[in-house]
Amino acid sequence: EKVASFLLMLAKRSLLIGCSHSKASEIPTFDLPLTRADMADFLGLTIETVSRQITKLKTARAIRLASNRTIQVPDIKRLAKIAGQEEFSH
């Protein structure tokens, strides 16, 4: 839930600021501002947990990895639900 919430926050932010990645595909797309190790520190998790959760989010088709640092969110409602935020609004 922590990783999903963090990625949801970044996806919402990319929609609000009109991230250049998002315009081309209408799918929220953003570059991670932190490494997985930094994300783990920030969220109070281990790097293994962050990596495992990212894999689970990919498997659930809530996110896609365009590259190591570029995340696409093809189903932002699904990501919001996983993050514990049933109501998605942007």
Side-chain angles (χ1 to χ4, degrees):
E1 199 171 277
K2 285 183 178 184
V3 173
S5 293
F6 181 72
L7 295 178
L8 180 62
M9 177 194 66
L10 293 173
K12 286 180 178 180
R13 184 173 167 257
S14 76
L15 289 171
L16 288 173
I17 64 171
C19 183
S20 61
H21 291 300
S22 293
K23 295 285 185 200
S25 64
E26 296 298 318
I27 294 173
T29 303
F30 55 90
D31 290 329
L32 285 173
L34 305 171
T35 65
R36 289 184 189 197
D38 291 336
M39 279 178 57
D41 286 341
F42 179 74
L43 298 172
L45 304 169
T46 65
I47 190 170
E48 293 85 5
T49 299
V50 169
S51 293
R52 198 169 33 250
Q53 293 306 311
I54 288 174
T55 298
K56 284 183 181 182
L57 291 169
K58 283 181 6 187
T59 302
R61 297 186 182 150
I63 66 168
R64 283 187 235 145
L65 294 181
S67 69
N68 276 347
R69 303 279 300 246
T70 304
I71 304 284
Q72 295 179 326
V73 184
D75 192 341
I76 200 159
K77 288 183 180 183
R78 180 177 294 172
L79 183 60
K81 186 174 182 179
I82 293 168
Q85 300 177 26
E86 296 294 325
E87 294 293 321
F88 169 74
S89 62
H90 69 281

Asks: What heavy-atom pair brings Ala83 and Glu1 nearest, and what distance separates the two atoms?
Replies: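 Looking at all heavy atoms of both residues, the shortest contact is O-CG, 3.3 Å.
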
Asks: To the nearest 0.5 angstrom, please state how far the NZ atom of Lys81 sits from the CG atom of Leu8.
Replies: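 With rounding to 0.5 Å, NZ (Lys81) is 14.5 Å from CG (Leu8).
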
Asks: Should Leu34 and Ile47 be regarded as members of a common hydrophobic cluster, given that ILVMFWY residues are connected when their side-chain heavy atoms come within less than 4.5 Å of each other, either directly or indirectly?
Replies: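 Different clusters.
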
Asks: Could you give all pairs that pass the ring-ring contact (aromatic ring centres under 6.0 Å, His included) test and reach residues 47-83, with sequence neighbours left out?
Replies: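 Those involving residues 47-83 do not exist here.
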
Asks: Taking only residues two or more places apart in sequence or in another chain, which ones pass side chain to side chain donor-acceptor pair (under 3.5 Å) with Asp41?
Replies: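 For Asp41 there are no side chain to side chain donor-acceptor pair (under 3.5 Å) partners, ignoring immediate neighbours.
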
Asks: Distance from Asp38 atom CG to Leu32 atom CG, nearest 0.5 Å?
Replies: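 One finds 10.5 Å between CG of Asp38 and CG of Leu32.
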
Asks: Considering only residues two or more places apart or on different chains, which pairs with a residue in residues 59-78 satisfy ring-ring contact (aromatic ring centres under 6.0 Å, His included)?
Replies: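 Residue pairs passing ring-ring contact (aromatic ring centres under 6.0 Å, His included), neighbours aside: none found.
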
Asks: Rounded at 0.5 Å granularity, tell me how far OG1 in Thr35 sits from CZ in Arg69.
Replies: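 Here the rounded value is 6.5 Å.
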
Asks: Say you draw a straight line from CG of Leu15 to CD1 of Ile27; how long is it, rounded to the nearest 0.5 Å?
Replies: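 The distance works out to 11.0 Å.
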
Asks: I need the minimum non-hydrogen distance between Ser14 and Ala11, along with the two atoms involved.
Replies: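 Looking at all heavy atoms of both residues, the shortest contact is OG-O, 2.8 Å.
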
Asks: Please enumerate all residues that pass salt bridge (Lys or Arg N to Asp or Glu O under 4.0 Å) together with Asp75, with sequence neighbours excluded.
Replies: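 For Asp75 the salt bridge (Lys or Arg N to Asp or Glu O under 4.0 Å) partners, ignoring immediate neighbours, are Arg78.
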
Asks: Do any side-chain atoms of residues 57-66 form donor-acceptor pairs under 3.5 angstrom with protein atoms, and if so which ones, sequence neighbours left out?
Replies:
residue	atom	partner	partner atom	Å
Thr59	OG1	Thr55	O	3.0
Arg64	NH1	Gln72	OE1	3.3

Asks: What's the shortest heavy-atom distance between Leu7 and Phe30, and which atoms?
Replies: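 In terms of heavy atoms, the two residues are closest at O-CZ, 3.7 Å.
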
Asks: Taking salt bridge (Lys or Arg N to Asp or Glu O under 4.0 Å) as the definition, give me every residue that meets it alongside Arg36, ordered by chain and number, with sequence neighbours left out.
Replies: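 Per chain and number, Arg36 pairs via salt bridge (Lys or Arg N to Asp or Glu O under 4.0 Å) with no residue.
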
Asks: To the nearest 0.5 Å, how far apart are CD1 in Ile76 and NZ in Lys12?
Replies: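 Answer rounded to 0.5 Å: 7.5 Å.
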
Asks: Nearest 0.5 Å, what's the CG-CG distance between Asp31 and Asn68?
Replies: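 Rounded to the nearest 0.5 Å, the CG-CG separation comes to 11.0 Å.
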
Asks: From the options Thr49, Leu43, Ile82, select the one residue that forms a side-chain contact (heavy atoms from CB on, under 4.5 Å) with Val3.
Replies: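 Single side-chain contact (heavy atoms from CB on, under 4.5 Å) partner of Val3 among Thr49, Leu43, Ile82: Leu43.
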
